[in-house]
Amino acid sequence: MVSVQSRCARQIGSGMHRILLSTFIIDVPSDVHDPTLAFWSSALGAQARHAGGDMPYHILENALPENRVVVQDVGSGSAGVHFDIHTDDLDAEIERLEAIGATMVDRSWADHPGCWVIMRDPAGKEFCVVYALNELRPQADRDDFERRAKSVG
């Protein structure tokens, strides 16, 4: 396994790290994004807020208290749903998940300022593993991770 950048890994070396199933992402092709965003906002009684900048997703505020629900524009990609597992040690979590049967799909985003990878479970379902303590993430999100994450490893 090639290590991701050290900014995405804890420097504690305890053998343990923390995770949090944090975000549920509704993947939507561009041609049906707007009506799908309107549907899920209404269905979940939530306000849609664009993530800002050129980010291709909207956060559905208060759709699932304690967790985040996002409608993400996947361009010409397929509709679906995926999960984000947040962690305080990306390298350790990748290694742990590979040991129990996950495979790496795309590591290139580990070098992105957002610092994440795309993996696949044994059934073929893709999910993301995201560095939770990234300073680019809102402080409230990092505080939530600190409060709710559980130890694994």
Side-chain angles (χ1 to χ4, degrees), residues 1-5 7-9 18-145 148-150 152:
M1 179 183 86
V2 176
S3 177
V4 296
Q5 295 179 359
R7 68 182 170 81
C8 301
R18 295 172 299 156
I19 63 166
L20 177 66
L21 181 59
S22 172
T23 308
F24 302 85
I25 299 93
I26 302 166
D27 299 314
V28 181
S30 294
D31 62 340
V32 293
H33 178 267
D34 292 345
T36 304
L37 176 62
F39 171 82
W40 283 112
S41 295
S42 182
L44 298 175
Q47 283 291 113
R49 177 179 59 82
H50 188 267
D54 61 354
M55 300 302 286
Y57 61 89
H58 288 78
I59 299 166
L60 300 184
E61 298 287 351
N62 298 312
L64 182 62
E66 295 292 322
N67 291 90
R68 180 179 287 187
V69 177
V70 170
V71 176
Q72 177 173 266
D73 187 328
V74 294
S76 62
S78 298
V81 175
H82 77 271
F83 306 111
D84 283 0
I85 298 172
H86 289 208
T87 183
D88 60 359
D89 189 332
L90 197 58
D91 286 337
E93 184 61 2
I94 291 167
E95 185 175 335
R96 184 181 81 86
L97 293 170
E98 287 177 334
I100 60 174
T103 56
M104 181 61 63
V105 173
D106 188 351
R107 186 183 296 277
S108 66
W109 297 104
D111 295 328
H112 181 275
C115 200
W116 77 90
V117 298
I118 302 170
M119 300 188 79
R120 185 175 290 125
D121 74 11
K125 184 70 184 149
E126 291 185 1
F127 61 96
C128 295
V129 182
V130 179
Y131 180 57
L133 301 179
N134 187 329
E135 292 183 5
L136 297 177
R137 298 186 61 74
Q139 186 64 50
D141 292 354
R142 291 180 276 151
D143 292 345
D144 181 61
F145 177 84
R148 297 192 306 129
K150 64 181 175 181
V152 295

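For this chain, numbers begin at 1 and follow the sequence in order.
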Heavy atoms, side chains only, cut-off 4.5 Å: are [X] and [Y] in contact?
X: Trp40; Y: Leu60; value: yes
X: Leu133; Y: Arg18; value: yes
X: Arg107; Y: Ile94; value: yes

Quiz prompt | Sidechain-backbone polar pair: His86 side chain, Thr23 backbone, donor-acceptor under 3.5 Å | solution = no

Between Ser42 and Ala38 (side chain of the first, backbone of the second, donor and acceptor by atom type, cut-off under 3.5 Å), is there such a pair?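 No; zero donor-acceptor contacts below 3.5 Å.
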
As an exercise, state the distance from [atom1] of [X] to [atom2] of [Y], rounded to the nearest 0.5 Å.
X: Met55; Y: His50; atom1: CE; atom2: NE2; value: 8.5 Å
X: His33; Y: Gln72; atom1: NE2; atom2: CD; value: 9.0 Å
X: Ile118; Y: Glu126; atom1: CD1; atom2: CD; value: 6.5 Å
X: Thr87; Y: Leu97; atom1: OG1; atom2: CG; value: 8.5 Å
X: Arg49; Y: Asn62; atom1: CZ; atom2: CG; value: 10.5 Å
X: Thr103; Y: Arg120; atom1: OG1; atom2: CZ; value: 5.5 Å

key: Side-chain ion pair, Arg68 and Asp84, N-O less than 4.0 Å   = no

Does atom CD (Glu61) have a neighbourhood of more than 12 heavy atoms from anything else shown, all under 6.0 Å? yes

Please indicate whether Glu66 has more than 12 foreign heavy atoms, meaning atoms of other residues, nucleotides or ligands, lying under 6.0 Å from its CD.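 Result for CD/Glu66: enclosed.
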
Please report the closest heavy-atom contact between [X] and [Y], naming both atoms and the distance.
X: Ser22; Y: Asn67; value: O-ND2, 3.3 Å
X: Asp88; Y: Phe145; value: N-CZ, 3.6 Å
X: Asn134; Y: Cys115; value: ND2-CB, 3.9 Å
X: Arg148; Y: Leu20; value: NH2-CD2, 3.7 Å
X: Gly101; Y: Pro122; value: O-CG, 3.7 Å
X: Ser30; Y: Asp73; value: OG-OD1, 2.5 Å

With under 30° as parallel and over 60° as perpendicular, where do the rings of Phe83 and Phe24 fit, or are they tilted in between?
perpendicular

Practice problem: Check the pair Val130, Arg137 against side chain to side chain contact (heavy atoms under 4.5 Å, CB included), reporting the backbone distance first and the verdict last. | Solution: CA-CA 11 Å; Val130 179; Arg137 298 186 61 74; 4.2 Å; yes

